[in-house]
Amino acid sequence: MTSKLLLKARDFESRYAPYITPEERPAFHMTPSIGWMNDPNGFSVYKGEYHLFYQYNPYDTKWDLMHWGHVKTRDFIRWERLPVALAPDMPYDQNGCFSGSAVELPDGRQMLVYTGVRQTRQKNGKIQDRQTQCVAIGDGVDYEKAACNPVIGSDALPQGGSMQDFRDPKVWWDEDRLRMVVGNRPADGSGSVLMYESEDGLSWRYDGLLASCHNQYGRMWECPDFFRLDGKDILLVSPQEMSPVGLEFHAGNGTACIIGTFDPKTCHQVRESVQAVDYGLDFYAPQTLETPDGRRVMIAWMQNWETVNCQPRGIRYFGEMTLPRELSIRDGRLIQNPVRELEKYRGYQILYRNVQFSGNTALGNVKGRVLDMTVNVRPAMETMLYHSFRINVASDGEHYVSIRYKPENNTIRIDRTHSGFPHDIVSVRDFMVRPNRGEIKLRLILDRHSLELFVNNGEQAATAMIYTDQSADAISFEADGCVVMDVEKYDLIVN
Ligand code: FRU
């Protein structure tokens with residue numbers, strides 16, 4: 001059924017999105033057609049293509065009544081726009097179609113599973129959310145909401161579970177049945193992940209409590225994802241209201257990767273370790289899919305709820321997704337690297353080997369804002385550790401964004417204080433890296449407004465938006481002490 005609300009949204013985006021020029025957008029990171037975007041939704045394979053939906057308010061660059069926007073891709077780099085998929089047009093989702101996921105059904109149709117939000121006024125005058133899980137089934141463009149929605153309501157919550165905070169279902173096939181993980185707030189006010197199963201996606205059984213945070217890693221856990229990877233069972237969650245823990249977790253909205261083993265008898269994940277997913281400034285609500293060739297690929301919203309109200313002036317869309325990243329587990333830790341498809345878009349190689357220097361230096365042809373650059377650095381003399389090594393990007397003399405490595409305390413600092421953004425947002429993040437006597441590998445992906453850093457072949461990733469004017473495209477290197485570096489740089493050419 002194509003409702004008035006859906007038609008209005010589709011009409012709005014087809015009328016006004018064409019005014020946004022390609023230069024206003026990044027070259028290969030996914031952006032909304034127009035208006036506001038937050039979480040990735042329904043990141044999945046359908047009929048051999050990768051589909052991605054997103055939390056979407058086409059009408060403004062601020063969060064409001066949530067729709068689902070829609071794109072698809074064959075290689076994670078070039079995205080094809082499709083019309084708005086869902087509008088909040090039913091009584092059970094009239095206050096928003098919140099985050100969720102998608103699967104292909106055995107009959108060839110695509111099923112979207114999302115949280116429907118309906119607000120009611122309480123006796124005390126307060127407005128309260130009622131969140132339920134709903135489905136819509138379609139052909140990859142048009143979707144019909146199920147007549148039996150909501151398919152999971154408050155009656156299927158465990159005791160003490162909150163119906164105000166019951167959202168973000170992630171669904172996948174486990175042989176011939178569907179499984180779902182969904183975020184909930186139990187009676188202690190913190191976060192938990194519930195598990196359900198179903199044969200047809202319409203009627204669901206509660207299986208048990210997969211994991212709970214007991215107020216240790218934030219409170220409400222948003223956007224859970226659960227999958228097997230290299231012999232481990234991995235739970236990704238996006239906690240709200242985190243407290244800082246060393247340099248691992250910062251305050252506010254964060255992301256956590258919980259590595260463990262799933263016990264099918266208790267339906268519980270036995271926890272082995274917990275780490276941050278991304279160590280930068282702008283990363284939230286990651287979601288994964290499995291490619292036909294067996295890779296686990298993750299995408300996330302490249303933003304931060306704390307700073308979304310500070311936006312560049314005059315923009316007509318707001319929000320970007322990260323570059324999709326391939327995941328693996330190495331030495332008990334989550335490893336992430338840009339999808340290999342990116343390499344097809346590399347232009348000429350610029351290569352410098354064994355550049356020895358101290359102080360400042362720049363290298364011929366090493367500049368730009370849409371590029372893939374890997375820098376290997378090490379001490380010039382084994383016996384003399386240098387104090388710090390810094391890469392400045394998006395620089396024009398006045399502005400720059402820096403990545404600084406300090407071998408003596410094994411930290412990296414990302415700093416966008418001087419990026420030219422006229423708002424007092426959080427701009428610095430420090431994180432620990434593996435001690436390695438001053439030897440480190442830094443891969444930087446720049447795409448006009450963003451920087452994604454991958455350390456030591458994906459041992460850590462750190463992401464930040466940088467709104468510096470595109471004319472600031474110089475790159476320089478600084479060393480306090482004497483270093484030797486190799487630099488391999490490619491422009492990325494996507495048109
Ligand atoms: C996470 C989130 C989800 C919710 C959606 C609403 O960023 O708060 O929990 O479904 O955004 O847009």
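Every number for a ligand or one of its atoms is a count from 1 in the order of the listing.
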Kindly print each ligand 1 N/O atom paired with any protein N/O atom under 3.5 angstrom away, one pair per line, or none if nothing qualifies.
unit_1   : atom_1 : unit_2 : atom_2 : d
ligand 1 : 7 (O)  : D39    : OD1    : 2.7
ligand 1 : 7 (O)  : D39    : OD2    : 3.2
ligand 1 : 7 (O)  : W305   : NE1    : 2.9
ligand 1 : 8 (O)  : E222   : OE1    : 3.4
ligand 1 : 8 (O)  : E222   : OE2    : 2.8
ligand 1 : 9 (O)  : R167   : NE     : 2.8
ligand 1 : 9 (O)  : D168   : OD1    : 3.4
ligand 1 : 9 (O)  : D168   : OD2    : 2.6
ligand 1 : 9 (O)  : E222   : OE2    : 2.9
ligand 1 : 10 (O) : S99    : N      : 3.1
ligand 1 : 10 (O) : D168   : OD1    : 2.6
ligand 1 : 11 (O) : N38    : ND2    : 3.2
ligand 1 : 11 (O) : D39    : OD2    : 3.2
ligand 1 : 12 (O) : N38    : ND2    : 3.1
ligand 1 : 12 (O) : Q55    : OE1    : 2.7
ligand 1 : 12 (O) : W63    : NE1    : 3.0

Inset, instruction - Under the salt bridge (charged side-chain N to carboxylate O under 4.0 Å, His left out) rule, collect the residues that match up with R228, sequence neighbours excluded. - result: D233
Legend entry - Distance-only side-chain donor-acceptor flag, R78 / Y345, under 3.5 Å: yes
Legend entry - Centroid-centroid under 6.0 Å between F226 and F262 rings: yes
Inset, instruction - Would you please classify the geometry between the W68 ring and the F53 ring as parallel, tilted or perpendicular, with 30° and 60° separating the classes? - result: tilted
Inset, instruction - Please name the pair of heavy atoms, one in M37 and one in W301, separated by the smallest distance, quoted to 0.1 Å. - result: O-NE1, 3.0 Å
Legend entry - Quiz item: cation-pi between K8 and Y59, 6.0 Å / 45°: yes
